[in-house]
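Only a predicted model underlies this, so the values are computations on that prediction, with no experimental measurement involved.
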Amino acid sequence: NRDKTEFSFQSLAAKVWSDHNTDSNTELNKTQCKEYFTDMCKVHQYDFEMSEDVWDQIFTMLDTDGNKSISMDEMVDFL
């Protein structure tokens, strides 16, 4: 089932990239990634807001290589 789960997360990450990667490169910058997370959370809570401190903590967890952007692999690993 691990392969099916990874495929599902890969599909979700591909959707994130198609919806939020406005500059068509292989990574999301911090702003693009925050837009995705905010949109995702608003699905569950309409008036969702996230402080910059909280976002900085989340982004640090996502950005495992420390290059200040999120690759699709980093997103899939996080999911």
Step-by-step side-chain contact (heavy atoms from CB on, under 4.5 Å) determination, M75 to C33: CA-CA 10 Å; M75 180 68 74; C33 199; 4.0 Å; yes
According to the ring-ring contact (aromatic ring centres under 6.0 Å, His included) rule, which pairs have a member within residues 49-69, sequence neighbours left out?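 Output for this query lists F37-W55, W55-F59.
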To the nearest 0.5 angstrom, please state how far the OG1 atom of T38 sits from the CD atom of E49. 9.5 Å
One should read off an interatomic distance between L62 CG and S69 OG, to the nearest 0.5 angstrom, of 11.0 Å
Non-neighbouring partners of T31 that pass side-chain contact (heavy atoms from CB on, under 4.5 Å), sequence neighbours left out: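 Scan of T31 (side-chain contact (heavy atoms from CB on, under 4.5 Å), adjacent residues dropped) gives N29, E35.
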How would you list, by chain and number, every residue that makes a side-chain contact (heavy atoms from CB on, under 4.5 Å) with T64, sequence neighbours excluded?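 Listed in chain order: E74.
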Residue pairs passing the salt bridge (charged side-chain N to carboxylate O under 4.0 Å, His left out) test with at least one member in residues 53-70, sequence neighbours excluded, are K30-D56
Mind checking what makes side chain to side chain donor-acceptor pair (under 3.5 Å) contact with E52, not counting sequence neighbours? K34
Would you please name every residue forming a salt bridge (charged side-chain N to carboxylate O under 4.0 Å, His left out) with D73, sequence neighbours left out? none
Closest non-hydrogen atom pair, E27 against Q32: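 Scanning both residues, the minimum pair turns out to be O-OE1, 3.9 Å.
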